[in-house]
A.B. asks: 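Before I ask anything, let me first share the structure, which is written out below as structure tokens.
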2 protein chains.
Amino acid sequence: MADIGSRSETRAPRKRVDARRNEEALLEAAAAAFIASGVDVPVRDIAARAGVGVGTIYRHFPTRADLIAAVYRHQVEASVEAGPALLADSDSPFTALTRWIDLFVDFLVTKHGLAEALQSDDAAFATLHAYFVDRLRPVCAELLDAAAEAGQIRSDIGALDLMRGVGNLCIGADKDPEYDARRLIGLLLAGLRLH
Amino acid sequence: MADIGSRSETRAPRKRVDARRNEEALLEAAAAAFIASGVDVPVRDIAARAGVGVGTIYRHFPTRADLIAAVYRHQVEASVEAGPALLADSDSPFTALTRWIDLFVDFLVTKHGLAEALQSDDAAFATLHAYFVDRLRPVCAELLDAAAEAGQIRSDIGALDLMRGVGNLCIGADKDPEYDARRLIGLLLAGLRLH
DNA sequence: CAACATACGGAACAATGTTCCGGTTTGCAA
DNA sequence: TTGCAAACCGGAACATTGTTCCGTATGTTG
């Protein structure tokens, strides 16, 4: 039987083209604005870059967290996929864990203010926090479990704890060149090892 | 030679009594407001508690950092004095270091938002950061050096790095009861040890 | 007690987040 | 193709908070 509604993707009465175009423009504008001014850039700035009104932002992305999540979704998914790959390619689970954490740190420190936003208790960032946890915790847990099972690390630290610690240690790493977050994260991982 | 200006403390032509009274009231009001709403409590709230206008706050404490520093000065100084005492009383330098860090953590997590403020790159908090570093770094360095000299820990981590890491790990510890900052800080210290 | 310096209070201004509504555009169906 | 209801748009308007400024009140001194 022929497809009733042309060859478009989803059901749902098809979004208006202007809405789709604006959403696209907003994602691009937000990405640029985040790089230029951090994830706390004023809403008005993003709207101006995208050439839309502030109302349009709130309509497409009710909270700042939604916008941030949308902008960085690709990279988060890449981290999700990197987990199993590292586990397969590395010579030990602990090495894989270390490498994965390194990717995670790269991600956090290159997005100005992301680490801060993730740890913030601001209700507006709750969904962002939830998104990161939902996607990344299982991956981190897998790496952690593998290393624990191999007897390389203690097994009394949860994935959430570790991610939280790493996230916290990344705060401010992009502002202060004197601060070497990786060094401290290395210490944290060293503290995890069994001897 | 006799003291020219009565038996008061400082030089400087003696402040007006209302000014001194307001400063006192502000310190008390700020301390209460910090406990109730964190160190980010709106300036107006503090002014209202103290029964003064906002202008009075800015006159006595030009930046929020000045006010915070004044409110917590006593406790910071207590931490400064605790360092040598712990070193003398503990059975090993590493134990002393651990205990001192514990005091430091206590201090940070009980002051809502203090850890965040300390790591913030906001220019308004620069002097607060500087005050903490000036007073506490030498103490931490002394403990760190003693432990390193005793061969208990590696010697390639500076006092500033450690304090920064501990401070970062304390962020959010007062909000989220699931998050156990001390556990991660324990890991960090474990990573410091030599075997 | 008078004159002066200092401090006070809060209105006014600025930056930013958030809501709301009149006007416009678009998708759909007759 | 044309008409229309629904969806969407832009930005004015409002709320919150930090910061400055100045006319007024108060303490201090001679």
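Note that the structure is a prediction, hence the values are computed from the model and not measured. Sequence lines set the chain letters: A, B, ... in the order given, protein chains first and strands last, and positions in each chain run from 1.
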A.B. asks: Just how far, in rounded Å, is P of C:dT16 from CD1 of A:Ile46?
C.D. replies: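 These atoms are roughly 12 Å apart.
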A.B. asks: If each of A:Val41 and A:Gly55 is mapped to the nucleotide of DNA chain C with the nearest heavy atom, which maps nearer the 5' terminus, i.e. the 5' end?
C.D. replies: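 Per heavy-atom nearest nucleotide, the more 5' residue is A:Val41.
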A.B. asks: Using the six-membered ring wherever Trp is involved, compare the ring planes of A:Phe107 and A:Tyr72 and label them parallel, tilted or perpendicular (cut-offs 30° and 60°).
C.D. replies: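 Perpendicular: the ring planes of A:Phe107 and A:Tyr72 meet at over 60°.
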A.B. asks: Do A:Val43 and A:Phe61 have side-chain heavy atoms sitting under 4.5 Å apart?
C.D. replies: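 With C-beta onward as the side chain, the pair stays apart.
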A.B. asks: Does A:Arg59 reach the side chain of A:Thr56, with side-chain heavy atoms less than 4.5 Å apart?
C.D. replies: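 With C-beta onward as the side chain, the pair touches.
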A.B. asks: Is B:Lys15 salt-bridged to B:Glu23, going by a charged N under 4.0 Å from an acidic O?
C.D. replies: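 Answer for the salt bridge query: yes.
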A.B. asks: Would you tell me whether B:Thr95 and B:Thr98 have side-chain atoms, one donor and one acceptor, within less than 3.5 Å of each other?
C.D. replies: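 No, because no side-chain N or O of B:Thr95 sits under 3.5 Å from a partner of the opposite role on B:Thr98.
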A.B. asks: Grab the CZ-P distance between A:Arg59 and D:dA6 for me, whole Å please.
C.D. replies: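 For the pair A:Arg59 CZ and D:dA6 P, the rounded distance is 17 Å.
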A.B. asks: Without decimals, in angstroms, what is the distance between A:Asp40 CG and C:dG17 P?
C.D. replies: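 It works out to 8 Å between those atoms.
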A.B. asks: Using a cut-off of 4.0 Å on non-hydrogen atoms, how would the nucleic acid contact of B:Val17 be classed: base, sugar-phosphate, or nothing?
C.D. replies: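 Sugar-phosphate only.
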A.B. asks: Name the closest nucleotide to the A:Pro42 side chain, picking from C:dG17, D:dC9, D:dG27.
C.D. replies: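 Within the option list, the nearest is C:dG17.
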A.B. asks: Could you tell me whether B:Arg64 contacts a base, only the sugar-phosphate backbone, or nothing, with contacts defined as non-hydrogen atoms closer than 4.0 Å?
C.D. replies: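 Since only primed, P, OP1 and OP2 atoms lie under 4.0 Å of B:Arg64, the category is sugar-phosphate.
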A.B. asks: Could you state the CZ-P distance from A:Arg44 to C:dA15, rounded to the nearest angstrom?
C.D. replies: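 Interatomic distance, CZ of A:Arg44 to P of C:dA15: 11 Å.
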A.B. asks: Could you tell me the separation between the OH atom of B:Tyr58 and the P atom of C:dA11, rounded to a whole number of Å?
C.D. replies: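 Rounding to the nearest Å, OH of B:Tyr58 and P of C:dA11 are 16 Å apart.
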A.B. asks: Please report, rounded to the nearest Å, how far the C1' atom of D:dT26 is from the CG atom of B:Asn22.
C.D. replies: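 From B:Asn22 CG to D:dT26 C1': 11 Å.
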A.B. asks: In terms of the nearest nucleotide of DNA chain D, which residue is placed more toward the 5' end: B:Pro62 or A:Gly51?
C.D. replies: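 This one resolves to A:Gly51.
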A.B. asks: Please report, rounded to the nearest Å, how far the C1' atom of D:dC8 is from the CZ atom of A:Arg21.
C.D. replies: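 A:Arg21 atom CZ is separated from D:dC8 atom C1' by 11 Å.
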A.B. asks: Does D:dC8 have OP1 or OP2 under 4.0 Å away from a side-chain N or O of A:His60?
C.D. replies: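 So the side-chain polar atoms of A:His60 never come under 4.0 Å of the phosphate oxygens OP1 or OP2 of D:dC8.
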A.B. asks: Does C:dA7 have OP1 or OP2 sitting under 4.0 Å from an N or O in the side chain of B:Thr56?
C.D. replies: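 So the side-chain polar atoms of B:Thr56 never come under 4.0 Å of the phosphate oxygens OP1 or OP2 of C:dA7.
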A.B. asks: Distance check needed: C:dT25 P versus A:Lys15 NZ, whole Å only.
C.D. replies: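 Taking atom P of C:dT25 as the reference, NZ of A:Lys15 is at 20 Å.
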